[in-house]
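I have placed the structure first, in the form of structure tokens, so that the comments after it can refer back to it.
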Amino acid sequence: QVQLIESGGGLVQAGGSLRLSCAASGRTVSSYAMGWFRQAPGKEREFVAVISRSGGMTYYVDSVKGRFTISRDDAKTTVYLRMNSLKPEDTAVYYCAAKQAPPYSSVYFAQDRYDYWGQGTQVTVSS
């Protein structure tokens, strides 16, 4: 069993930055691909970013490319989402998720592929 706890959310003005963290406990996440998803009010949860088990491959939804960066520190069993140039449309609850993965650069975009989820952290961007 893997427990995921997100932190780092908050209220920020448009153009500002935040770094979200996802700390894992219960088991190392070095054998997991890790993803970030978000759910805005009144909308379905959507894929934001994913990093492969090796860390060698990352993918982003088009709306955050060039602004968000996903990274991982397996020694700290933590995954990060650095968010720059934030926009009001980035306002959402952000969730991290873990998917057990083979030892190469597999990435996953569909929510139902993921094995574990955190509780989420709120990000609010004011205009």
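All of these numbers come straight from a predicted model, not from anything done at the bench. For the numbers below, each heavy atom of this structure counts, side chains included, while hydrogens, waters and symmetry mates do not.
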Given the rule in the side chain to side chain contact (heavy atoms under 4.5 Å, CB included) test, do Ser71 and Arg82 qualify, once you have shown the distances and angles that lead to the verdict? CA-CA 8 Å; Ser71 60; Arg82 177 67 181 182; over 6 Å; no
Carefully, step by step, assess Ser30 and Arg53 under the rule side chain to side chain contact (heavy atoms under 4.5 Å, CB included). CA-CA 6 Å; Ser30 59; Arg53 169 176 167 173; over 6 Å; no
Suppose we screen for side-chain hydrogen bond (donor to acceptor under 3.5 Å, both in side chains). Which residues come up paired with Gln100, at least two apart in sequence or across chains? none
So which heavy atom on Val79 is nearest to which on Met34, and how close? CG2-CG, 3.4 Å
Look at Asp90 together with Lys87 and state whether they make a salt bridge at an N to O cut-off of under 4.0 Å. no
Say whether Asn84 and Ser17, considering side chains only, have a donor N or O and an acceptor N or O under 3.5 Å apart. yes
Measuring from atom CG of Leu81 to atom CD of Glu6, what distance do you get when rounded to the nearest 0.5 angstrom? 11.0 Å
Does Arg45 make a cation-pi contact with Tyr95 (under 6.0 Å, within 45 degrees of the axis)? yes
Do Lys99's NZ or CZ and the ring of Tyr108 fall within the cation-pi criteria of under 6.0 Å and 45°? yes
Would you check if the distance from the ring center of Phe47 to the ring center of Tyr59 is below 6.0 Å? no
For Val107 and Ile51, the nearest pair of non-hydrogen atoms, with its separation, is CG1-C, 4.4 Å
Considering non-hydrogen atoms only, spot the tightest contact between Thr121 and Gly9 and give its length. OG1-N, 3.2 Å
Classify the ring geometry between Tyr114 and Phe37 as parallel (under 30°), tilted (30 to 60°) or perpendicular (over 60°). perpendicular
Minimum-distance pair of heavy atoms, taken over all atoms of Arg38 and Ser63: NH2-OG, 3.4 Å
OG of Ser106 to OH of Tyr32: how many Å apart, nearest 0.5 Å? 14.5 Å
Can a donor-acceptor pair be found between the side chains of Tyr80 and Arg19 at a distance below 3.5 Å? no
Measure across Tyr94 and Val48 and return the closest heavy-atom pair with its distance rounded to 0.1 Å. CE2-CG2, 4.4 Å
The test is side chain to side chain contact (heavy atoms under 4.5 Å, CB included); show your working for Met83 and Leu20 and say whether it passes. CA-CA 8 Å; Met83 306 186 296; Leu20 305 184; 3.7 Å; yes
